[in-house]
Amino acid sequence: MTENRTQNLIVLDMAGTTVSDGGLVERAFERAAERLGVEPGTADHAAKLRYVRDTMGESKITVFRHLFGTEELARRANCAFEEAYAELVDGGLIAPVPGARAAVEKLRADGRTVVLTTGFARVTQDAILDALGWQDLADLTLCPADAGGRGRPFPDMVLTAFLRTGAVSDVRDTVVAGDTAYDMLSGRRAGAGIVAGVLTGAHDAAVLTANGATHVLESVAELPHLLRESA
């Protein structure tokens with residue numbers, strides 16, 4: 001007999017999924033790298049930027065640990081990145097993905113609990129939420145520090161959403177949506193019943209599917225319809 005899933009916990013990524021940042025991650029990285037002596041135009045700079053692109057969705061401090069080798073340098077790089085990103089956010093260079101706010105409102109109106117997650121530090125997440133006027137949009141917001149420090153591709157933020165909200169009794173009733181391979185991996189590793197890739201961010205349909213997407217949507221705006229159809 002087929003079980004009817006409630007799908008009442010929705011865990012959404014921010015940058016690239018619900019938030020359009022116009023490549024601010026790369027711009028902030030370039031500013032941070034320059035502050036640490038990585039010269040633009042060098043092979044080292046190109047290799048580091050390529051790694052940043054390849055690991056979109058991962059906790060930024062984890063990325064910098066890989067790139068700079070020591071904890072001290074990683075933390076310096078992360079602080080410089082967060083400062084640079086905040087400056088760009090303050091400059092009005094982010095916007096909601098079209099239909100994202102309405103999608104979250106529809107999901108909540110349907111009785112679902114919505115959690116916004118990010119690989120950024122809390123200070124940057126809050127700056128984005130403030131800039132968009134989204135402080136009260138979701139039921140809960142999470143960053144890696146809220147889940148013990150591990151970001152994607154680990155399942156920790158999805159499982160923290162499950163535990164903190166108590167919105168569903170079975171992790172299979174969780175829905176995860178994001179724009180990166182790491183979003184897909186974290187959703188699958190957490191045991192989410194639906195792991196939806198969206199095409200408004202870093203990775204294409206082939207990459208999302210190869211990393212575990214159960215569905216691929218043009219954007220998060222399509223998610224309420226998908227869930228109503230699958231109910």
Side-chain angles (χ1 to χ4, degrees), residues 2-19 57 59 96-122 124-126 128-130 132-180 182-198 200-201 212-217 219-231:
T2 301
E3 291 183 86
N4 291 321
R5 306 247 58 96
T6 63
Q7 300 169 336
N8 278 348
L9 176 59
I10 316 299
V11 182
L12 303 177
D13 172 51
M14 290 180 62
T17 302
T18 55
V19 179
S59 168
V97 166
R101 183 185 186 103
V104 172
E105 292 171 342
K106 286 177 186 175
L107 290 165
R108 294 186 72 187
D110 288 343
R112 306 183 200 276
T113 297
V114 178
V115 180
L116 293 175
T117 64
T118 185
F120 295 133
R122 167 59 62 180
T124 303
Q125 184 177 38
D126 285 344
I128 295 169
L129 294 169
D130 289 344
L132 297 176
W134 280 13
Q135 300 92 334
D136 300 316
L137 179 62
D139 295 278
L140 178 67
T141 61
L142 294 173
C143 67
D146 298 319
R150 295 200 310 181
R152 308 178 192 102
F154 295 102
D156 302 26
M157 284 196 289
V158 178
L159 295 175
T160 298
F162 172 74
L163 293 169
R164 283 206 191 176
T165 64
V168 294
S169 59
D170 189 324
V171 74
R172 291 174 295 173
D173 291 325
T174 302
V175 176
V176 172
D179 66 294
T180 71
Y182 282 1
D183 290 313
M184 304 300 96
L185 287 170
S186 68
R188 293 304 292 261
R189 289 171 178 178
I194 290 178
V195 180
V198 298
T200 50
T214 59
H215 301 74
V216 176
L217 309 176
S219 86
V220 73
E222 297 179 359
L223 188 59
H225 177 73
L226 170 68
L227 298 184
R228 286 174 178 170
E229 288 292 303
S230 61

Exercise. Apply side-chain hydrogen bond (donor to acceptor under 3.5 Å, both in side chains) to T200 and list each qualifying residue two or more places apart in sequence or on a separate chain.
Key: none

Practice problem: Write down the atom of A103, the atom of A221, and the distance for their closest heavy-atom approach. | Solution: CB-CA, 4.0 Å

Quiz item: How would you list, by chain and number, every residue that makes a side-chain hydrogen bond (donor to acceptor under 3.5 Å, both in side chains) with T118, sequence neighbours excluded?
Solution: none

Self-check item: Closest heavy-atom pair and its distance - A138, L116
Solution: CB-CG, 3.8 Å

Exercise. Return the set of residues passing side-chain hydrogen bond (donor to acceptor under 3.5 Å, both in side chains) with R101 (not counting sequence neighbours), or none when no residue passes.
Key: E105

Exercise. Output the distance between atom CG (L227) and atom OG1 (T6), rounded to the nearest 0.5 Å.
Key: 10.5 Å

Self-check item: Exam field: side chain D170 to backbone R172, donor-acceptor pair closer than 3.5 Å
Solution: yes

Practice problem: Mind listing the closest non-hydrogen atom pair of C143 and M157 along with its distance? | Solution: C-SD, 3.6 Å

Quiz item: From Q7 CD over to L223 CG, what is the distance, rounded to the nearest 0.5 angstrom?
Solution: 9.0 Å

Exercise. Identify the two heavy atoms, one from F154 and one from S186, that lie closest to each other, and give their separation to 0.1 Å.
Key: O-CB, 3.3 Å

Quiz prompt | Sequence-distant partners of T165, side-chain contact (heavy atoms from CB on, under 4.5 Å), two or more places apart | solution = L9, T113, V115, L140, A167

Quiz item: With sequence neighbours excluded, what pairs up with A100 under the side-chain contact (heavy atoms from CB on, under 4.5 Å) test?
Solution: T18, V97, W134, V220

Exercise. Provide the closest heavy-atom pair for G16 versus D179 in the form atom of the first, atom of the second, distance.
Key: O-CB, 3.4 Å

Quiz prompt | Separation of R228 CZ from L107 CG (nearest 0.5 Å) | solution = 8.0 Å

Quiz item: What is the distance from atom CD1 of I10 to atom CG of D173, rounded to the nearest 0.5 Å?
Solution: 10.0 Å

Quiz item: At their closest point, which heavy atom of V195 faces which heavy atom of G187, and how far apart are they?
Solution: CG2-C, 3.8 Å

Self-check item: Interatomic spacing from CD in Q125 to CD1 in I128 - rounded to 0.5 Å
Solution: 7.5 Å

Self-check item: side-chain hydrogen bond (donor to acceptor under 3.5 Å, both in side chains): pairs with one or both residues in residues 139-155, sequence neighbours excluded
Solution: D13-R152, R108-D139, T117-R152, R122-T141, R122-D146, R150-D156, R152-D183

